[in-house]
Colleague: 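Structure provided below as structure tokens; questions to follow.
Note that these values count all heavy atoms, side chains included, but never hydrogens, waters or copies made by symmetry. Here is how names work: the chains are called A, B, and so on, in the same order as the sequence lines, proteins then strands, and each is numbered from 1. As the structure is a computational prediction, the values presented were derived from the model and not from experiment.
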2 protein chains.
Amino acid sequence: MKLGTKGRYAVMAMVDLAFYSEGKPLSLTEIAERQALPISYLEQLFLKLRQKGFVMSTRGHQGGYTLAKEAASIRISEILEAIGEPIETTRCKEESELGCLGTKGQCLTHALWAGLGRQMQQYLNGISLADVCQRRLT
Amino acid sequence: MKLGTKGRYAVMAMVDLAFYSEGKPLSLTEIAERQALPISYLEQLFLKLRQKGFVMSTRGHQGGYTLAKEAASIRISEILEAIGEPIETTRCKEESELGCLGTKGQCLTHALWAGLGRQMQQYLNGISLADVCQRRLT
DNA sequence: ACGATTCCTGACTAATTTAGTCAAGTATGA
DNA sequence: TCATACTTGACTAAATTAGTCAGGAATCGT
């Protein structure tokens, strides 16, 4: 159970943006350099982040990206979802499970994995970009 | 961020064992059939579970596996660790991180991922095989 | 003794996912 | 008009996953 670079990079870049931008657009080049991330990879990620409305882009000279919302209202969970790194603890689509273990028509372990997923979701849902910037983490 | 079949199967099988065995050994064939899991894959997993002391094996006719400890004292987290499905939210080995973002010599996001890992570990640590069997899940 | 059952173990592999690169284009400001 | 910077899709090498396969060794019932 591991976190891939996609999600990690996206959050790192967004935190960087929230932290260093002061209303002015930051170029991916700048972010990529500071965070030591591959720029072409970031391009892919920011494409999605823009399409989902988390950042705004300015093209051309002195262009770059800006947060489209306040840092305090962008949750980590949203970023991960936007770039396609969902939390998948259960395998079954929805709640349509037929009994693996007979007792009640639903596998015993299903509730376990669902609980784990809820736990993770809750944690990442409760933390915003601003929280990370200000080191407000439990 | 997804849970692989390795961890899922291992826990499913261990829960099955705890649930259906009554002191008597259960063969992998039986478990695999009931849970609809590939038997040769289970063999690999139970090899490790035995080496780590979570199950005991009996060979030959009427043989199989038995829990080596009480179901109430086997945590889900231990099973996952035993078969090599660790929780990896951070990438850095130990706490030896050099500053990605300048503020304090440690990357801002590190604390975030570490927190997530702690959260997951805590959840899986607090649940035993017996809990799953008795559907004592939050 | 023998044969069925079952664990034991390592080697191997097909398919998928990850983690990117590359190339070509479009828009903007100096 | 040129350098900067976003935009987008196609492509790919490497790693991981999710197993299969084959052969062996121990044990029990008959």
Side-chain angles (χ1 to χ4, degrees), chain A residues 1-14 17 21 24-68 80 83-89 91, chain B residues 1-14 17 21 24-68 80 83-89 91:
Chain A
M1 190 118 206
K2 68 179 62 157
L3 178 69
T5 58
K6 199 162 52 173
R8 172 175 289 115
Y9 290 178
V11 173
M12 286 172 71
M14 286 294 277
L17 188 52
S21 163
K24 300 296 167 201
L26 290 189
S27 73
L28 286 189
T29 311
E30 191 180 338
I31 298 177
E33 238 164 58
R34 189 161 35 222
Q35 300 293 329
L37 305 177
I39 186 170
S40 346
Y41 200 26
L42 276 191
E43 286 177 341
Q44 287 180 34
L45 301 177
F46 273 77
L47 173 61
K48 291 178 186 163
L49 289 170
R50 182 177 59 84
Q51 290 171 344
K52 300 287 164 63
F54 293 103
V55 295
M56 285 163 39
S57 65
T58 319
R59 292 174 122 179
H61 210 68
Q62 300 284 34
Y65 288 95
T66 321
L67 289 187
L80 294 178
I83 52 114
E85 177 121 357
I87 290 175
E88 286 180 16
T89 50
R91 166 186 270 175
Chain B
M1 188 119 207
K2 67 178 65 159
L3 179 68
T5 58
K6 199 163 54 172
R8 173 175 287 114
Y9 290 178
V11 173
M12 285 173 72
M14 287 294 277
L17 188 53
S21 162
K24 301 296 167 201
L26 291 188
S27 74
L28 286 188
T29 310
E30 192 179 338
I31 297 177
E33 239 163 59
R34 188 161 37 220
Q35 301 291 330
L37 305 176
I39 185 170
S40 347
Y41 201 26
L42 276 191
E43 285 177 342
Q44 288 181 32
L45 301 178
F46 273 77
L47 172 62
K48 290 177 187 165
L49 289 170
R50 183 177 57 83
Q51 289 171 345
K52 300 286 166 64
F54 293 104
V55 296
M56 286 164 37
S57 64
T58 319
R59 290 173 124 179
H61 211 70
Q62 300 285 35
Y65 287 95
T66 322
L67 290 186
L80 294 178
I83 52 116
E85 178 122 359
I87 290 174
E88 285 179 16
T89 51
R91 164 186 269 176

Colleague: Rounded to the Å, how far apart are A:E85 CD and C:dT18 P?
Modeller: 7 Å

Colleague: Do the ring planes of A:Y9 and A:Y41 sit parallel (below 30°), tilted (30 to 60°) or perpendicular (above 60°)?
Modeller: perpendicular

Colleague: Mind checking the CD-CD1 spacing from A:Q51 to A:I83? Nearest 0.5 Å is all I need.
Modeller: 13.0 Å

Colleague: Looking at CG of A:L3 and CG of A:L80, how far apart are the two atoms once the value is rounded to the nearest 0.5 Å?
Modeller: 7.0 Å

Colleague: Would you kindly give the CD1-to-C1' distance between B:I39 and D:dA22, to the nearest whole Å?
Modeller: 15 Å

Colleague: Rounded to the nearest Å, what distance is computed from the CZ atom of residue A:R59 to the C1' atom of nucleotide C:dA30?
Modeller: 18 Å

Colleague: Between A:I31 and A:L37, is there a side-chain heavy-atom distance shorter than 4.5 Å?
Modeller: no

Colleague: Measure from CD on B:E30 to P on C:dT6 and round the result to the nearest Å.
Modeller: 9 Å

Colleague: Nearest whole angstrom, please: distance from the C1' of D:dT16 to the CD1 of B:I83.
Modeller: 14 Å

Colleague: Starting from P on C:dT17, measure out to CE on B:M1 and report it in whole angstrom.
Modeller: 17 Å

Colleague: What is the minimum heavy-atom distance between B:R8 and A:R91, and which atoms define it?
Modeller: NH2-N, 3.5 Å

Colleague: Of all the choices, D:dT7, D:dA18, D:dT4, which nucleotide is nearest to the side chain of A:Y65 once you look at every atom?
Modeller: D:dT7

Colleague: What residues from residues 40-57 of chain B pass a heavy-atom cutoff of under 4.0 Å to DNA chain D?
Modeller: B:S40, B:Y41, B:Q44

Colleague: More 5' along DNA chain C: A:T58 or B:G60, using each one's nearest nucleotide?
Modeller: B:G60

Colleague: Quick one: B:Y9 OH to D:dT20 C1', roughly how many Å, whole number?
Modeller: 14 Å

Colleague: If you check every side-chain atom of B:H61, which of C:dT21, C:dA4, D:dT17 has the closest atom?
Modeller: C:dA4

Colleague: Quick one: which of D:dA26, D:dT17, C:dG25 gets closest to the side chain of A:K2?
Modeller: D:dT17

Colleague: In Å, rounded to the nearest 0.5 Å, how long is the span from CD of B:Q35 to CE of B:M12?
Modeller: 4.5 Å

Colleague: Side chains of B:R50 and B:L47: closer than 4.5 Å at any heavy-atom pair?
Modeller: yes

Colleague: Take the protein atom CG of B:L26 and the nucleotide atom C1' of C:dT5, then report the distance between them rounded to whole Å.
Modeller: 15 Å

